[in-house]
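Within every chain, numbering begins at 1; the chains are lettered A, B, ... in the order of the sequence lines, protein sequences first and strands thereafter. Computed over heavy atoms, backbone and side chain alike; hydrogens, waters and symmetry mates excluded.
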Amino acid sequence: MRTYRYVVAGDLCEIHFPESDEDMAAFEAFLAQGDKFLALDTESTGLDIFSAQHQLRLVQVGNSREAWVLRWDRFKDWIRRLLGLRRNFIAHNATFDALTLDRHGAISIEELLPKIWDTKIMAHLLDPRGKMEGGIGLGLKELSAEHVDSQAPDTSNDLTKVFNGFGWTKAQGWARIPIEHMTYVLYAGLDVILCHRLHEKLLLAVQLYGDICKMEHKLQYFLALMRRRGMLLDIPYIERLTTDLHNQFVEQQDLAMDLGVESIFANEQVIAQLQAMGEKLTATTDKGALQVDRAVLLPLADVNTNWERLNVREPNPLAEAVLKGKRAKKWLEAYAMGFLEWRDTNDRIHPVINSLQARTARMSIQEPALQQLPSSDWTIRRAFIADPGFSMLAVDYKAVEMRVLAALSEDWTMRRAIADGEDLHSFTASRVFGTNFSKKQRKIAKSIGFGKVYGGGAAGVARLTGAPEDDIRIAMEAYDRTFPGIKRYSRKLIRQAQSGIMEVVTPIGRRLPLDPDRLYAATNYVVQSTARDLLAQAVIRLFEAGLGEYLLIPVHDEVVGQAPIESADEIAKEIGSVMESDFMGVRIESDPSVVGASWGAAYGAPAVLPMEVPVRKERRMKPGTWLQEALI
DNA sequence: ACTTTCACG
DNA sequence: ACGTACGTGAAAGTG
C-alpha cells in the first residue's frame, strides 16, 4: 500500500492507495471506525459519462483526516459492497458521481443518490453567487479555500499542469494519466478530505434551510433520473441539417468576403466595411466599442425580427450576410453538431441538468444547451424524437411570472383579472390602450409586463419592441395606474434591502443577495426564483405521483416529456393537473399539449417530412442495457 | 481571460 | 430625484 501525507488546515492527513487484497484489511479497519458520514468522489476518463469510451478509474472515500483511493478495476466488489451498505455519504455535485457509478454498474442512482448529502446544494443555499458576482463560488476549490483552508490546493488546476507536462490537453490527461501517478492519487484523495471538512462547515445551511435543503436533494435526484433517461435523436435528419447549415454558412461567408470581410465574426472588419458603405453606426457596447449586433443589423437589412421586409430602405447586403451567416453557424455549432457530439451509442443525449444554478436558483441545462433551442421555427427541435410508440408532449405554465408577481405584490386588479380567467396581456392592453386595442398594442402590453418583471424602464421596452420610447413611457404610466400594487411592492423590496442586509427573501425562505448598485433587480429575483420553486416542487410532485417516467427535461416554466401515443393525451393532462397549484390565493395554471413524433412538431414541423421516409433508419434498441431498463 | 454576440424563458 | 430590463450556455474574435 502506498500512503501519502498532506497537511490540511494544520492537520496531518493521510491518503491511502491500496495495491493488493491484503491492503484492504486496513481499509476494513478504517470503515469499522464508524464515521457517520463518508465523503465520496470518483475519477473517470472524462465528463462524457454516456459516451462509449468513458471509463471509471477511481472511487475515493474518506473522512476529515483520511482518504482511501480505490482503483475501480481492482476493487470492484469492495466498492460495490461499501456503496450498498453505508447509509450516509457526502459529495460535491453528487449527481455526476452517482451517474458515473450507475453507468459503470457500481450502484444504481436509485440506491445511491438518496444517501448522499451534496455540499454544492448547501453552499448554494448560503450564497448562490459565483466568484465573479462577488460571492465565494460553488466549486470545491473555491469553497474549500473559503471554509476549510485558504491554502487548499487547486487539485484540478495542478493536475492540468501535470497533463501539460506530458504534452496532453486537459481532456486527454484525465484519460491518460497513469492511474498510480502520485499527483493524481494525492489529489483524488485530497478532494474527499476537503469535501468532508466542507460539509462540517456548511451544516449551517441544513440548520437554516432544512426544508429547502431537503427539497433540493429530492429535486436533484429526480433530475438525475431524467438525465439518465436522455432524449432520442433523429440522426439522419441531423446529418442532413448539418450539411444544410454548413452550406448556408459558407454561402453567407463568401458573400461577406466579396464585400471585404474575411470573417463575419470579426466585428472590427464588419464595422469598417459598413462605415465604408456609408452606414452610420451609433450604438455602443459596454466597453465603448461600436455595436454591430442583431438589433443594429436588422434595420440595415431592412427587416424586422421575423425577417419580414420593412421596405423603408435598400437592404445592406453585408448586414444581411452577417445576420444569416451567424445564425447558420450558431445553429450548426451550438445545436446540430452539439447533438452529434454528445450522443451515446443509442443515439440519445443526456444533457447536464443543473438543478440549482442561477442566483435565483433557476435550473440550467448544458452539453448541449437544450433550454435555448430556437423557438422561431421548428428546424432544430425537429432533431428530437419520441421513443418508438411514444409521442412528445409539453406542459407549460400560463404566464407564471405574472401570476407570481400578482400574488406577491397583492395587486388586487391583477389578482382579480387572473381569477376572472382574463388573458393577462389582453387585459392590460384594454386598460392601457382602451377596449379597441390592436394586436400590436397587445404585444406592447405583453412587453411592458415583462419589462416590469425584469425591472426595466421605457427605454428598454422601446429598444426591444422597436416602438417609440415616448409611446412606451405613456403606456407604462397607464400600466402603473392600472396596477398600483406592483410598483408599491418593488419599492418595498428596495426599501427593506436598504434598511437591512442587501438581500431579498422569497416566500419559501430562500435568501437572494442583491448587488448594491442594482437594487431594482430585487423584484425580478423574487419573482424568477419563486416561479422556479413552483416548477421544482411540481417536478417533485410529478415523480411522487408516478409521472416522472414521462419527463425528459424542465425548461423554466414548462416540462417536456413523452408518453405512449395511445395514452399521451391523458398523461399530458394528468401532468398538467399535478403541476397546477394555488399560490397565495392565485391559481397557477398549466397548458398541456401533445406534440407528435418530434419536438419540432410543437413549432410547426410536418409530422414526417416526405423526403425522410426512404432514408430513415430503423432504430434498434439493444435490449438489456441499463439505459433501456431505465426507460421501462 | 475577456468581450461580444446570439439562442431561450 | 431619477432610472436602471432579469437569468442562463456556447462560440468566436482579440490580446
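- In this structure, the side chain to side chain contact (heavy atoms under 4.5 Å, CB included) partners of A:A328, at least two apart in sequence or on a different chain, are A:Q248, A:F249.
- Across all strands shown, C:dA1 has no partner, as no Watson-Crick or G-U wobble contact with both distances under 3.5 Å is found.
- Nucleic acid contact class of A:R532 (heavy atoms, under 4.0 Å, all strands): none.
- A:L323 has its CG atom 9 Å from the P atom of B:dA7, to the nearest Å.
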What's touching nucleotides 11-15 of chain C from the protein side, N or O pairs under 3.5 Å?
unit_1, atom_1, unit_2, atom_2, d
C:dG13, OP1, A:S263, OG, 3.2

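- Taking side-chain N and O atoms only, A:Q291 has a distance below 4.0 Å to OP1 or OP2 of B:dT5.
- Listed by first and then second residue, the side-chain hydrogen bond (donor to acceptor under 3.5 Å, both in side chains) pairs that reach into residues 250-272 of chain A come to none, sequence neighbours excluded.
- Side-chain atoms of A:H92 and A:D118 form no donor-acceptor pair, as typed in the model, at a separation below 3.5 Å.
- Ring orientation note: the planes of A:F163 and A:W168 are tilted relative to one another, at an angle of 30° to 60°.
- Among the protein residues, A:R294 comes within range of the sugar-phosphate backbone only, with heavy atoms under 4.0 Å from sugar or phosphate atoms but none that close to a base.
- Looking at heavy-atom distances under 4.0 Å, A:I380 makes no contact with the nucleic acid at all.
- Residue contacts shown for A:V527 are absent, as no nucleic acid heavy atom lies under 4.0 Å away.
- Under the ring pair (Phe, Tyr, Trp, His ring centres under 6.0 Å) criterion, A:W307 pairs with no residue, sequence neighbours left out.
- Between the base of C:dT8 and the side chain of A:Q371 there is no donor-acceptor pair shorter than 3.5 Å.
- Among residues at least two apart or in separate chains, side-chain hydrogen bond (donor to acceptor under 3.5 Å, both in side chains) pairs with a member in residues 446-461 of chain A are A:K452-A:D480.
- Applying the ring-ring contact (aromatic ring centres under 6.0 Å, His included) rule to pairs touching residues 462-492 of chain A yields A:Y479-A:F483, sequence neighbours excluded.
- Using a 4.0 Å heavy-atom cutoff across all strands shown, A:A459 reaches sugar-phosphate atoms only and no base atom.
- The side chain of A:R327 sits closest to B:dA7 out of B:dA7, C:dA10, B:dT4.
- On the C1' atoms, C:dA5 is 16 Å away from B:dC8, given to the nearest whole Å.
- For the pair A:D515 and A:E469, nearest-nucleotide mapping onto DNA chain C gives the more 5' position to A:E469.
- The phosphate of C:dG7 has OP1 or OP2 within less than 4.0 Å of a side-chain N or O from A:R518.
- In this structure, of C:dC6, B:dC8, B:dC6, it is B:dC8 that holds the atom nearest to the side chain of A:P374.
- Within the nucleic acid shown, A:Q357 comes within 4.0 Å of sugar-phosphate atoms alone, with no base atom in reach, counting heavy atoms only.
- Residue A:Y525 is in sugar-phosphate contact alone, with no base atom involved, counting any heavy-atom pair closer than 4.0 Å across all strands shown.
- Cation-pi geometry between A:R510 and A:Y209 is not satisfied (NZ or CZ under 6.0 Å from the ring centre, within 45° of the ring normal).
- Among the heavy atoms of the strands lying under 4.0 Å from A:G451 is at least one base atom, whether or not backbone atoms are also near.
- With distances taken from any side-chain atom of A:A358 to the nucleotides C:dG7, C:dT4, B:dT5, the minimum falls on C:dG7.
- Here the nucleotide nearest the side chain of A:K287, chosen from B:dT4, C:dA5, C:dG9, is B:dT4.
- A:E367 comes within 4.0 angstrom of sugar-phosphate atoms only, judged by non-hydrogen atoms across all strands, and of no base.
- A stacked arrangement is assigned to A:Y454 and the six-membered base ring of C:dC6, with a centre-to-centre distance below 5.5 Å and an interplanar angle below 30°.
- Within the 4.0 Å cut-off from OP1 or OP2 of B:dT4, at least one side-chain nitrogen or oxygen of A:T285 is found.
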